[in-house]
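Owing to the predicted nature of the structure, the values given are computational and were not obtained by experimental measurement. Below, chains carry the letters A, B, ... as their sequence lines are ordered, and counting in each starts from 1. The basis for the numbers below is simple: all heavy atoms, side chains too, and nothing from hydrogens, waters or symmetry mates.
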There are 4 protein chains.
Amino acid sequence: MLDAAVRTFGQRGYMAASMDEIAELAGVSKPLVYLYLNSKEDLFTACIRREAKALTEAVRAGARPDLPADRQLWSGLTAFFTHTARNPDGWAVLHLQARTHGEVFAAEVAEVRTEIVAFVTQLILAAAREAHRDPDLREREVAGLAEALVGAAESLADWANTTPGVTARQSAATLMNFAWMGLGDLMAGRHWTPPDESDEPAGTDGGGPHGAGVTAAQAGRTSPVR
Amino acid sequence: MLDAAVRTFGQRGYMAASMDEIAELAGVSKPLVYLYLNSKEDLFTACIRREAKALTEAVRAGARPDLPADRQLWSGLTAFFTHTARNPDGWAVLHLQARTHGEVFAAEVAEVRTEIVAFVTQLILAAAREAHRDPDLREREVAGLAEALVGAAESLADWANTTPGVTARQSAATLMNFAWMGLGDLMAGRHWTPPDESDEPAGTDGGGPHGAGVTAAQAGRTSPVR
Amino acid sequence: MLDAAVRTFGQRGYMAASMDEIAELAGVSKPLVYLYLNSKEDLFTACIRREAKALTEAVRAGARPDLPADRQLWSGLTAFFTHTARNPDGWAVLHLQARTHGEVFAAEVAEVRTEIVAFVTQLILAAAREAHRDPDLREREVAGLAEALVGAAESLADWANTTPGVTARQSAATLMNFAWMGLGDLMAGRHWTPPDESDEPAGTDGGGPHGAGVTAAQAGRTSPVR
Amino acid sequence: MLDAAVRTFGQRGYMAASMDEIAELAGVSKPLVYLYLNSKEDLFTACIRREAKALTEAVRAGARPDLPADRQLWSGLTAFFTHTARNPDGWAVLHLQARTHGEVFAAEVAEVRTEIVAFVTQLILAAAREAHRDPDLREREVAGLAEALVGAAESLADWANTTPGVTARQSAATLMNFAWMGLGDLMAGRHWTPPDESDEPAGTDGGGPHGAGVTAAQAGRTSPVR
DNA sequence: AATGAATGAGTGTTCATTCAT
DNA sequence: GATGAATGAACACTCATTCAT
């Protein structure tokens, strides 16, 4: 029943989605929808919560904490893009609809987004520690960067969902290159190389552009420069 | 009259905005709105077009083609953030509402977005040429990077519009650092330094210190590698 | 438009009356009803107010203050029964519907009813003065009597409206006898005689049982006993 | 189960009372209600019948036929006001709800009301016989008077139920004075005095002073005329 | 004997849209 | 050129009523 709601909300939008349509798509009658979820608002909130939970769980499951920071980021991003690609309606609900229809809903997604930004912030700080450099990055700057990274990921997810032929791995690779190396390094021919697929969770997404080793990536990670 | 429409659409959302409210805010009668713009859809499309045009013109005016690529990007971004900060409703219409309410509107903004992405793509390629490296960046990869850059900019614009105290220059600086240097370099203590304001297009952003050169920025840009 | 509403409310009841039906009966579309009267509640309140005003005006117009008290009561009652007989739906709205559907509406009619009870109270006191007796009727007792008289009149109005062939004058006569003389006197053969019709407002109600003089009535009034 | 229905109908009104609420208040499931009483209409009708029966029985039990007419009336009225005060919801169902929601229900209460009016009519005729006067009261006039008396009693019952601190005996006394003596006699200082409570049916109304005779009342009744 | 689960039909209310002037 | 007045169509929500068990 929530499936139908997410589909309808994701495609039609919150206001354009009629409870009639949702009920019909769910194969039940409208009063039943009202029996379980009390109102359109409640139904929408339930959708948001479910999709938010599913997304964060997918990302956290993807980013295994035993890996080094860049690899965690990579696998987290891959999981993120995979999930959003598989649940375009859920993603639309979270990223488009919930933010466009009332502060209540926006607050709901803002909360979970804050969690993710915090997670990415930790990742960046961990990366700094791993680099044995105590960089002069202040908390606040790191927060801004995490914000930018998450924002870029969200935008790329939208883009991937509306552009055919873009795989989750491609999106993740693009973003890793962009974020981790920066255009400056890329200009100089330095890339961040995604790791072998073998450590990906099974069934993620067929194919990917890179297959090489991890050596370059590792080198790049520990010292993208020199 | 479009002003009123953009304001209402931007604040209430496409569906929640009533033609009554728009007409009243515009100080005219409702049939007059229908006389000039045939329907709510047409009115909304007109809003999208106007705001899209205004935004692209602002960005193009900001990024003066005689500057080096990173400087062009910097000034383009600054213009972008300035414009979105000054026209929050217009930006909401473009980035939130238009993409949330039907494919027709989404296509309208997708078109102009494509233009901007192409512009950024050119910028990146130009930067590569300037670096006298013909990097093995394939067209497709560059497109992805441009996409990521634009996406990050959009997200930051939203963020800046909902977070008090964030100036356009700060947003631009954050993004330049993030995009141009990459997290890897940042972690190593290397930053991209924004140039002095004196090369900003006049009237963009009130006040600010005026200084001379570009030295730090240039240094940062030309040798993120060392 | 209010006519239709009063008719529908009076016949169907507040809740059973649908706005559709009211609009159709009024020969207009439903949104128009909502344009002029904002909601079903407001519409009902408007009906109550209109009918209450019409009723009190009819009664006050009937009871001309230059007459002696019993004659005032008589003519007021006649006007009351005439009005309720001519506006059965309005009367149903006031006396049945408004008191049955929510405290708000009940308060609305309670207010005007209080006015009428006060008016009758004054009438009774005036009658006492006219009798040159300063009876030991305390204010509170008089209020109770006025309450009973008004209540009896209301009930008789209902009864007359549901019993064919009962005229306003008959109801008024019955009530005058009942209230003014009391069953005790009636038992003893003493009646209150309605005055000649010639002083009634024109067009009241055809025919009446009594045509005689005023003498007996006057005697009855000034000294029902002796 | 009917208890719950009467309470709900009496307080919420016929239409506002939901079968859900009734079933819940009765502590049973909704289908069970439909098993015993087929529909909301039938349930309401059953309520009406039960309350009507209870009321008539209470009144008939109160008015013991061996007493003189005015005493019968007095005790009947006392029983009536006692019953309505103790069963406000039942009284609301009978007098407010049943008459407000459809002819079918109205007819149901009209029937039993007719019985009561007939009973009162007999009482009045008996009083006339007792007075050894065969007054020129025509059947029809007597019917009207009974109607007025019953109507006044109903109104007073409503009034007593919504006005705190009014006892059944007070209501009955007020009405006896009003009806038996008439305003004319009252104005002249003559009252009808309620008898001692000792002749009340046991268990009617707790407490109260006990005295002996009926003298004052009798005097009042037998000689309102002098 | 009793119910959890489900629905058809209808409610008040709103809004984009259009005439007659 | 401009509008006051009006509406058709739709929506969120509710409730009496009924199966399958």
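The closest donor-acceptor contact from the side chain of B:N87 to the backbone of B:E51 lies at 3.5 Å or more, if one exists at all. Of the possible donor and acceptor atoms, none in the side chain of A:K30 sits under 3.5 Å from a partner among the backbone N and O of A:E21.
A donor-acceptor contact under 3.5 Å links the side chain of C:K30 to the base of E:dT13.
Looking at which nucleotide of DNA chain E each of B:S18 and D:L32 is closest to, the 5′-most match is held by D:L32. Of the residues near DNA chain F, C:P31 and A:P31, the one whose nearest nucleotide (by heavy atom distance) lies more toward the 5' end is C:P31. Residue B:V28 is the one, among B:V28 and A:M19, whose nearest nucleotide of DNA chain F lies closer to the 5' end (criterion: closest heavy atom).
Across all strands shown, F:dA5 is found opposite E:dT18 as a Watson-Crick or G-U wobble partner, with both distances under 3.5 Å. Of all nucleotides present, only F:dA10 satisfies the Watson-Crick or G-U wobble test against E:dT13, with each distance under 3.5 Å. Pair assignment for E:dA1 gives none, since no Watson-Crick or G-U wobble pairing has each distance under 3.5 Å.
B:R12 has its CZ atom 15 Å from the C1' atom of E:dC15, to the nearest Å. Computed from coordinates, the A:Y14 OH to F:dC11 C1' distance equals 12 Å when rounded to whole Å. Atom CG in A:L37 sits about 14 Å away from atom P in F:dA12, given to the nearest Å. In this structure, B:D42 places its CG atom 14 Å from P of E:dA16, rounding to the nearest Å. With rounding to whole Å, C:F44 atom CZ is found 14 Å from E:dT13 atom P. The distance between atom CD1 of B:I22 and atom P of E:dA16, rounded to the nearest whole Å, is 8 Å. Going from atom CG of C:D20 over to atom P of F:dT7 covers 13 Å, rounded to whole Å. Atom CG of D:L35 is separated from atom C1' of E:dT3 by 11 Å (rounded to the nearest Å).
Within 4.0 Å (heavy atoms only), C:A16 reaches no atom of the nucleic acid at all. As judged by a 4.0 angstrom heavy-atom cut-off over every strand, B:A23 is placed among residues making no nucleic acid contact.
Of the candidate nucleotides E:dT17, E:dA2, F:dT17, E:dA2 has the atom nearest to the side chain of D:S29. Among F:dA12, E:dT11, E:dT13, the nucleotide with an atom closest to any side-chain atom of C:Y34 is E:dT13. Taking the side chain of B:K40 as heavy atoms from C-beta on, and the options E:dT13, E:dA16, F:dT18, the nearest nucleotide is E:dA16.
When the shell of 6.0 Å around CZ of C:R12 is examined, it contains 12 or fewer heavy atoms from other residues, nucleotides or ligands.
When side chains are defined from C-beta on, C:Y14 does not count as touching C:V93, because their heavy atoms never get closer than 4.5 Å.
Between A:F44 and A:H101, the ring-plane angle classifies as perpendicular under the 30° and 60° cut-offs.
For F:dA6, one of the phosphate oxygens OP1 or OP2 lies less than 4.0 angstrom from a side-chain nitrogen or oxygen of C:Y36.
In summary, B:R50 and B:D3 engage in a salt bridge, as defined by a charged side-chain N under 4.0 Å from a carboxylate O.
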